[in-house]
Amino acid sequence: MAKILVTGGTGYIGSHTVVELQKVGFDVVIVDNLSNSSIDVLNGIEKITGIRPAFENIDCVDYVSMDRMFEKYKGIDAIIHFAASKAVGESVEKPLLYYRNNLVSLINLLQLMPIHKVKNFVFSSSCTVYGQPDVLPVTESAPIKPALSPYGNTKQISEEIIRDTIHANPCYQSTILRYFNPIGAHPSAEIGELPSGVPNNLLPFVTQTARGLRKQLLIFGDDYNTPDGSCVRDYINVVDLAKAHVIAVQRMLNKRAKAHVETFNLGTGRGLSVLEIIKTFEKVNGVSIPYKIVDRREGDIEKVWADPSYANNELGWTATETVEDTLRSAWVWEQKLANRVKAE
Ligand code: UDP
């Protein structure tokens with residue numbers, strides 16, 4: 001079976017993807033520097049699939065160590081590149097950290113691919129490249145808007161680097177996956193999101209507030225031009241998202257890609273507001289989330305949701321989990337984390 005390198009494989013989306021890859025028989029090698037994840041994630045993966053993936057604690061910015069890693073695990077067929085810094089606010093404060101981590105890692109991998117004869121590359125991009133789209137739902141052909149943060153800019157520049165590199169070396173191929181807002185956890189509750197410090201994202205803040213770890217959730221603005229005034233996003237189940245990576249890899253390995261670089265939106269096609277997420281979370285989990293409306297957060301997009309029809313038709317992939325089940329899985333995972341802390 002084909003061998004897949006997953007950078008950032010102990011992270012949130014990475015770990016769920018490793019599980020789905022192993023389930024269909026892929027041999028997985030994880031490279032992660034554990035800067036924003038825990039080695040314990042390997043236990044969670046092993047509990048679900050019965051297989052402990054190979055793991056190397058390497059920073060993808062370190063070219064020499066990455067080169068050695070490719071030598072050690074000869075015959076890697078595809079790379080799924082998740083490893084990146086992802087906090088928007090931090091990227092504004094430390095732009096060079098973001099440009100260095102996210103761009104040097106990518107360049108290293110693209111340089112090492114021909115040396116080690118790896119032909120296929122999947123890249124984690126984001127709907128942030130669309131900014132506030134003029135037309136909703138947003139399709140892959142929507143214009144790329146000026147980035148609002150260094151983080152967002154690294155995603156735009158990375159996409160360009162990939163396109164230019166593959167254009168110059170057409171025997172390589174890449175799939176760029178633009179994620180909307182991944183939420184939830186694996187149904188086994190063996191893996192899930194593990195934010196370090198105060199969460200920036202909505203869902204971990206909601207679950208931590210439900211657990212009593214945070215006093216209240218701050219809702220950033222209720223005066224947007226949306227039905228209830230709060231921002232609208234396309235929240236997608238993380239396992240659904242993970243499955244799309246498996247299909248993207250299989251499509252490239254089986255030579256079914258229609259272009260050297262293909263780009264897909266990974267979303268549900270449905271927009272939900274912050275208030276709708278909170279109400280639904282409260283209802284399905286029987287908990288209450290104290291919240292307060294505060295000022296808008298700088299750089300927030302008012303509303304964005306995907307037109308996922310290109311991914312639906314071309315990949316034969318659709319997000320199938322309901323938001324209710326997804327919010328249940330997030331709460332089960334948070335409670336498990338709470339019990340873990342108690343046991344320690
Ligand atoms: N949000 C919020 N309170 C929080 C975190 C997020 O009201 O503590 C809102 C945020 O303004 C946005 C939505 O939740 O409208 C999703 O934010 P997140 O950071 O999860 O994702 P992104 O901004 O990247 O879409």
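Since the model is a prediction, treat every value here as computed from it, not as a measurement. Order of listing sets the numbers, starting from 1, for every ligand and every atom in it.
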For [atom], what's the nearest protein heavy-atom neighbour? Residue, atom name and distance, please.
atom	value
atom 5 (C) of ligand 1	N200 O, 3.5 Å
atom 12 (C) of ligand 1	R233 NH2, 3.7 Å
atom 23 (O) of ligand 1	R297 NH2, 3.1 Å
atom 18 (P) of ligand 1	N201 ND2, 3.5 Å
atom 13 (C) of ligand 1	Y235 OH, 3.6 Å

Is a donor on one side and an acceptor on the other found under 3.5 Å between the side chain of [X] and the backbone of [Y]?
X	Y	value
D325	E321	no
N265	V138	yes
W331	G184	no

- [ ] Identify whether NZ of Lys or CZ of Arg in R233 sits under 6.0 Å from the centre of the six-membered ring of F180 and within 45° of that ring's axis.
- [x] no
Task: Heteroatom proximity flag, I219 to ligand 1, N/O under 3.5 Å - done: no
Open item on the list: At less than 4.0 angstrom from any non-hydrogen atom of N181, what atoms of ligand 1 do you find?
Closed with: 21 (O), 22 (P), 25 (O)
Task: Under-4.0 Å salt bridge between E262 and R251 - done: yes
Open item on the list: Which option wins on minimum heavy-atom distance to atom 10 (C) of ligand 1: T226, T128, D300?
Closed with: D300
Open item on the list: Just to be sure I'm reading this right: ignoring hydrogens, which of L203, L202, I278 gets closest to atom 6 (C) of ligand 1? Compare them by their nearest heavy atoms.
Closed with: L202
Task: Side-chain H-bond candidate by donor/acceptor type, S125 with Y179, under 3.5 Å - done: no
Open item on the list: Counting only heavy atoms closer than 4.0 Å, does ligand 1 sit against the backbone of L218, its side chain, both, or neither?
Closed with: backbone
Task: From CA spacing to verdict: salt bridge (Lys or Arg N to Asp or Glu O under 4.0 Å), D77, K119 - done: CA-CA 7 Å; D77 298 283; K119 296 218 159 9; over 6 Å; no
